[in-house]
Amino acid sequence: MRSNVRGLRHMICAGVCALIAGPGVSFAQLSGPPTVALAGDLSLARLLDLCAQRLRLNIDYDAQALKATATIRLGREIADGELWDLTNRILASRGFTTIEPPGGVGLSVVRLQDAAAACRVVTLSEFVTTDEASRLGPDSDCGIGRPGFRSVLIPRGPSAAGLETLRQMLGKPGGAITVLGGGAILISDTHSRLEQAIDLLGRLEGPQAGCSTERIEVRHVPPSRMVDVAKRLASARTPSAPRGDLFVSADDRAVVVVCPAEDEPAWRGIIGSLDVPGDAERRTYVPRHHAPGDVAALLEQLLSGEAADIVVDSLTGSIIVSAPGWAQSITSELIERLDAMPPSARRPVRHFTLRNRPVSEVASVLGGLIASGTFDAGGADSADSALAPEVATEDGLKHAAAGARRGSISITPDEAANALIVVAEPLVLERLARLIEDLDVRQPQVQVEVLLISLTEGQTRDLGVEIDALIRSGNLSTRLASLFGLSSGGADPARSVGDPAGLTGLVLSPGEFTVVLRALETLNQGRSLSMPRLLVMNNQQGTLDAVLQQPFISVNASDTVATTSFGGTSDAGTTVTVRPQISEAAHLLLEYSVSLSAFVGEASNPSIPPPRQQTRMQSVATIPDGFTIALGGIEVVSDGDAESRIPIVGSVPIIKEAFRSRSRNQSRSRFYVFLRASVLRDRGFEDLKYLSEVGAEDVGIDDGWPRVEPRIIR
């Protein structure tokens, strides 16, 4: 009946915990007790909430103080009791622990250095004999709910030598021994260390009360490994095995020997024979799922202070370890344990903040690489991990897979923080990190200055003679005239020569004859200059428009009435479009389009647009950095001669000049486009600041910065 109640309680607890688990936590319920699988990054507060819900514990803590996270990599699922022990170990590694407060109900989370003064004091018998499960219920697992830190009162303490030995066994910070009156002592430390210290105290005060305690430094073998090997070697020396026991010192640098004085040399001999440098071996390890750099950093922590040389080969994704055989064994065990991790524990989350480029651009590039299979994780263990990679853009998550592939990559852009949130295996994350660092480079800018020059030259020459004579004979009047439009009025004495431009001569005999002479030469030279300036990012398009809009009307006529309305506009002006692409050398690939248009006269009718002339250039060219280059131009030359004359008489030598009018027109128009592109590469934008200051001074704009002038202090 009790086992059925326990199973029902575990099922209900597992269901509640599954609702609050979230990513990184999963639960399983088979025939035995429920288990939990942890993987990824979990905050301390979330881990405590998980224990409180799953183990039915009352835990109070300061959420602001427990903001740290812990990265958990477990090769198997763990039971409830193991979950509580793991939580206490993680809290201790972050400087916190759980205590049972005096007179309180439940547990509290405090800092290690404050735990001794805040926890409830228990007696030695209560610490040794009290079953923690009896306080939680008859069907509770042993050890669940036991505080991680205890203070134990021991009525009779050891001798001075034993007391010093106990001090060496306690951890820092938090561990403390207080000597009370009557020979009693108060020992405070984590539960695991207290168990070890009280066991040692029993040995010191037991049949071997006269034993000695010595600290033996080891240099070439880790103390934990030395204790294990030395104990096995000593037990093999039957019946002359030395008495006593070995412990690892609190600083993990030496072996503490507790034995009778006569057996101390034997223990020293065994430890000395084992603590010798081994012959270094060179082996190559290839992690299947984790980044070689991360694995190498973990190996350096495990083999800290030992004769091990670790080299990361980024070309092949391997680790080269030169170390003794025992260190190679530790390395092999670590690699095997990491490779055996379940797929759910091999996909951590990384946050990459971009500083120079928009997150959408980088996400688009990575999405294309993922779709092509560049980051396929070939180390998957089964077909269950054949998931299509997910790439999220600003339009939402999009699947960018060419089919099922091993491994899974999820990239989510955070537009607000300009960052990428990536979920992938560690080996893929390391490759992505290097690629994102290469892509997130600030692009230089280009200042483009376009010079549009229009030159016009014109020359017109007009030379002509008009003769108008009136001959009268009695009642007969005869008029002879050679007119070319130089004057008006004919033989009328009041006739006018019109516009008296140029050299004009008039011989007039009223009623008889009139002679008009005109010679005119017109010279015209014009120059039009337009110089737009643009600041454009590399591989981006910049456009500048300076356009005049000329409106015209629209007339709608019907049988009864005609209406006039706005018919639209006709545009004329300057339009410049450029797209620079900067090369590593001192040149640019420039895609440009330049258009210059102007109205050349008045509209013949208000309902139609005025005439417009347009010149446009569009091409792609390679130009040097910082030089003014002529991109192109157009030149139009017009030369025309016109002559009006009287037939026959106008071709007779000498007198022909009096019977003809000549006009000569010469014109020349030129249009040139010059461009200068200057690449601004300075990381501190000093070149852009300088160019902006020069432009501001030209137009008389104050930049707003105070002027610092030298001043003589007497």
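The figures here come from the full heavy-atom set of this structure, side chains too, leaving out hydrogens, waters and symmetry mates. In this chain, residues are counted from 1 in sequence order.
Among all heavy-atom pairs drawn from F247 and Q196, the shortest one is CD2-NE2, 3.5 Å. In terms of heavy-atom proximity, V286 sits nearest to G317 at CG1-O, 3.9 Å.
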(message) Apply side chain to side chain contact (heavy atoms under 4.5 Å, CB included) to residues I319 and D313 and explain how you reach the verdict.
(response) CA-CA 6 Å; I319 303 173; D313 185 359; over 6 Å; no
(request) Please step through side chain to side chain contact (heavy atoms under 4.5 Å, CB included) for the pair I59 and V109, ending with a clear verdict. (result) CA-CA 7 Å; I59 306 174; V109 179; 3.9 Å; yes
(request) Decide side chain to side chain contact (heavy atoms under 4.5 Å, CB included) for R94 and L44; before the verdict, give the C-alpha distance in whole Å, the side-chain angles of both, and the deciding distance to 0.1 Å. (result) CA-CA 9 Å; R94 299 299 190 274; L44 300 183; 3.9 Å; yes
(request) Test side chain to side chain contact (heavy atoms under 4.5 Å, CB included) on T98 and N88 and set out the steps. (result) CA-CA 7 Å; T98 57; N88 280 284; 2.7 Å; yes
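The pair E217-R215 meets the salt-bridge criterion, since a charged nitrogen lies less than 4.0 angstrom from a carboxylate oxygen. Checked for salt-bridge contact, R282 and D309 miss the test: no charged N lies under 4.0 Å from a carboxylate O.
The only option from N58, D60, T97 that meets the side chain to side chain donor-acceptor pair (under 3.5 Å) definition with S108 turns out to be D60.
No side-chain N or O of Y285 forms a donor-acceptor pair with one of E336 less than 3.5 Å apart. Side-chain contact, D49 with Y61: a donor N or O sits under 3.5 Å from an acceptor N or O. A donor and an acceptor atom, one from each side chain of N418 and T353, are nowhere located under 3.5 Å apart.
Atoms OG1 and CG, from T190 and L112 in turn, are 8.0 Å apart once rounded to the nearest 0.5 Å. A distance of 10.5 Å separates OG in S364 from CD1 in I411, rounded to the nearest 0.5 Å. H191 NE2 to R150 CZ: the interatomic distance, rounded to the nearest 0.5 Å, is 6.0 Å. We find the OG-CZ distance between S93 and R89 to be 9.5 Å, quoted to the nearest 0.5 Å. We find the CD1-CG distance between I177 and L186 to be 9.5 Å, quoted to the nearest 0.5 Å. To the nearest 0.5 Å, atoms CG (L366) and CG (L439) are separated by 6.0 Å.
Judged by distance alone, the side chain of W84 and the main-chain N or O of R146 form a donor-acceptor pair under 3.5 Å. A side-chain donor-acceptor contact under 3.5 Å links Q328 to the backbone of V321. Between the side chain of S188 and the backbone N or O of S151 there is no donor-acceptor pair closer than 3.5 Å.
Under a cut-off of 6.0 angstrom, the local environment of CZ in R283 is crowded, with over 12 non-hydrogen atoms contributed by other residues, nucleotides or ligands.
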